[in-house]
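Okay, structure first, notes after.
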Amino acid sequence: MAEITFELYNNQLMQHLVGEADANLRLLEKMMNVEILSFGNQITIKGSPNDVENTKAAIDILYDKASRGIEVGEQEVKAAARMSSDVHNDEEKQNLNDIVLKTKKRYIYPRSATQAKYIQEMMKNELVFGLGPAGTGKTYLAVALAVAMMLEGNIDKIILSRPAVEAGENLGFLPGDLKEKVDPYLRPLYDALYEMLPAEQVDKKLALGEIEIAPLAFMRGRTLSNSFIILDEAQNTTPMQMKMFLTRLGENSRMVVNGDLSQVDLPRGVVSGLRDALNTLRDVDNISSVTFNANDVVRHGLVAKIVKAYEEKNRKVQEEYENMQAES
């Protein structure tokens with residue numbers, strides 16, 4: 001067992017950090033498997049050496065957020081707990097705390113070390129692949145960076161796309177005009193935009209074409225310059241569709257391709273364009289890929305457990321397949 005005692009010198013920030021009736025500390029105790037005692041401005045942490053160290057790192061992250069005026073609640077505590085296990089020194093911790101995306105309606109911070117890496121890679125590279133399960137923030141953070149870059153004047157246009165319904169994009173059986181047919185499948189992209197910009201600004205930019213949300217098929221034959229381009233649900237593209245999309249990249253543009261290779265809806269025997277692109281482009285410069293896992297899920301806690309259960313199931317299936325191959 002290890003024990004550490006330290007003081008936080010700002011009374012007001014201390015109150016924000018611990019929460020009402022020390023609720024934030026109680027949640028942190030549960031998540032980090034430690035005992036946390038607070039008296040005045042003094043905090044004591046007891047537990048295994050590694051858990052104590054990680055909990056201190058989490059509290060430092062929360063204190064830094066409180067000092068920046070960020071309200072510390074349940075989601076911030078969970079994010080700090082996730083990030084603390086990946087923070088190995090003060091320089092890394094500061095790098096994580098310095099990442100912020102500024103939009104009209106809110107400031108957006110990474111909630112895991114993988115999210116922080118993802119943002120950094122999107123800032124640095126012209127093409128980034130975001131891989132992993134739902135709820136890890138792949139699309140949300142890409143839209144946030146696109147909005148931040150537009151507000152800073154670094155790009156002129158945001159283009160958001162995804163395969164509609166299925167890889168073949170067969171929309172004819174759905175009722176309504178084209179917009180009414182495809183809007184339900186693009187709704188997650190709209191939702192992200194409305195969380196970052198006032199509704200009237202989103203609507204105006206959509207009307208002016210500064211923000212464009214369209215099915216993947218609409219990208220054919222275009223060159224997209226001075227733009228931030230996001231392809232969502234990319235696991236449901238074919239290799240030909242993926243090549244078409246990637247080759248739309250124009251001057252002063254940035255492209256983010258997101259998908260979950262465990263959720264491919266393509267017909268049996270059809271190779272995912274996302275998987276094919278990762279294999280084809282692995283040695284090309286200025287292209288990066290970031291892989292999320294269940295520990296990065298920032299939705300309801302049950303979602304992370306569901307994702308982990310499916311990951312474990314897929315792991316066992318893969319092991320059984322490999323054993324059968326070895327025996328044959």
Side-chain angles (χ1 to χ4, degrees), residues 1-120 137 140-141 144-145 147-148 151-152 195-196 198 295-301 304:
M1 296 291 290
E3 180 177 325
I4 184 174
T5 299
F6 56 96
E7 288 188 9
L8 302 175
Y9 296 101
N10 187 309
N11 288 334
Q12 189 173 7
L13 293 183
M14 176 72 174
Q15 292 173 3
H16 287 309
L17 187 153
V18 302
E20 187 175 348
D22 289 353
N24 293 338
L25 295 186
R26 301 290 78 82
L27 177 58
L28 200 57
E29 276 185 327
K30 183 178 179 181
M31 295 189 69
M32 308 301 286
N33 194 31
V34 295
E35 180 184 1
I36 304 176
L37 306 173
S38 65
F39 182 76
N41 283 14
Q42 194 174 80
I43 292 180
T44 298
I45 307 171
K46 299 178 182 180
S48 72
N50 188 58
D51 290 339
V52 167
E53 181 181 351
N54 289 341
T55 305
K56 173 62 165 61
I59 290 175
D60 288 343
I61 291 171
L62 293 172
Y63 189 75
D64 184 84
K65 289 189 180 302
S67 70
R68 295 170 186 239
I70 302 171
E71 185 176 348
V72 177
E74 178 180 345
Q75 292 304 317
E76 282 65 36
V77 173
K78 290 180 177 179
R82 282 192 296 268
M83 295 174 71
S84 64
S85 60
D86 296 316
V87 174
H88 303 294
N89 54 56
D90 290 339
E91 182 179 355
E92 287 187 17
K93 181 181 72 177
Q94 191 59 48
N95 287 340
L96 293 179
N97 288 335
D98 286 343
I99 298 173
V100 55
L101 302 176
K102 299 178 182 179
T103 69
K104 285 287 187 180
K105 292 181 72 172
R106 65 183 63 193
Y107 288 177
I108 296 167
Y109 300 83
R111 293 181 178 271
S112 72
T114 309
Q115 284 195 352
K117 180 184 178 184
Y118 180 56
I119 295 171
Q120 290 171 325
Y140 187 84
L141 292 175
L145 179 57
V147 170
L151 294 175
E152 292 169 0
E195 283 198 33
M196 296 165 198
N295 294 325
D296 299 303
V297 173
V298 293
R299 291 182 185 168
H300 190 286

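Values in this document were obtained by computation on a predicted structure and should not be read as measured data.
- Counting all heavy atoms, side chain and backbone alike, Ala66 lies closest to His16 at CB-CB, 4.4 Å.
- Taking a cutoff of 4.0 Å between a charged side-chain nitrogen and a carboxylate oxygen, Glu29 and Arg26 qualify as a salt bridge.
- Between Glu76 and Arg111, at least one side-chain nitrogen of the basic residue sits less than 4.0 Å from a carboxylate oxygen of the acidic one, meeting the salt-bridge criterion.
- Between Ala2 and Ser48, the closest heavy-atom pair is CB-C, 4.3 Å.
- Between the CE atom in Met31 and the CG atom in Asp51 there is a gap of 12.0 Å [rounded to 0.5 Å].
- By the 4.5 Å heavy-atom criterion applied to side chains, Gln120 and Ile99 are counted as neighbours.
- By the 4.5 Å heavy-atom criterion applied to side chains, Val52 and Glu3 are not counted as neighbours.
- For CD of Glu7, the number of neighbouring non-hydrogen atoms (other residues, nucleotides, ligands) closer than 6.0 Å is greater than 12.
- The CD1 atom of Ile59 sits 8.0 Å away from the CE atom of Met14 when rounded to the nearest 0.5 Å.
- Under the 4.5 Å side-chain criterion, counting only non-hydrogen atoms from C-beta, Leu17 is in contact with Leu25.
- With a 4.5 Å cut-off on side-chain heavy atoms, Leu28 and Asn24 do not count as touching.
- Around CZ of Phe6, the count of heavy atoms belonging to other residues, nucleotides or ligands within 6.0 Å exceeds 12.
- Among all heavy-atom pairs drawn from Pro110 and Ala116, the shortest one is CB-N, 3.5 Å.
- Atom OH of Tyr109 is separated from atom CD of Gln75 by 16.0 Å, given to the nearest 0.5 angstrom.
- To the nearest 0.5 Å, atom OG1 of residue Thr103 and atom CG of residue Leu145 are 11.5 Å apart.
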Please list every donor-acceptor pair under 3.5 Å in which a side-chain atom of residues 33-43 meets a protein atom from a residue at least two apart or in another chain.
unit_1: Ser38; atom_1: OG; unit_2: Asp22; atom_2: OD2; d: 3.3
unit_1: Asn41; atom_1: ND2; unit_2: Leu8; atom_2: O; d: 2.9
unit_1: Asn41; atom_1: ND2; unit_2: Asn11; atom_2: OD1; d: 2.8

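- The distance from atom NZ of Lys104 to atom CG of Leu151, rounded to the nearest 0.5 Å, is 6.0 Å.
- You'll find the side chain of Met196 reaches within 4.5 Å of the side chain of Ile108, heavy atoms only.
- Scanning both residues, Leu27 and Lys78, for their nearest heavy atoms gives CD2-CG, 4.3 Å.
- The line from CG of Leu13 to CG of Leu62 is 11.5 Å long, rounded to the nearest 0.5 Å.
- Between Leu141 and Leu101, the closest heavy-atom pair is O-CD1, 4.0 Å.
- More than 12 non-hydrogen atoms from other residues, nucleotides or ligands lie less than 6.0 angstrom from NZ of Lys105.
- When every heavy atom of Ser112 is checked against every heavy atom of Arg82, the shortest pair comes out as CB-NE, 4.2 Å.
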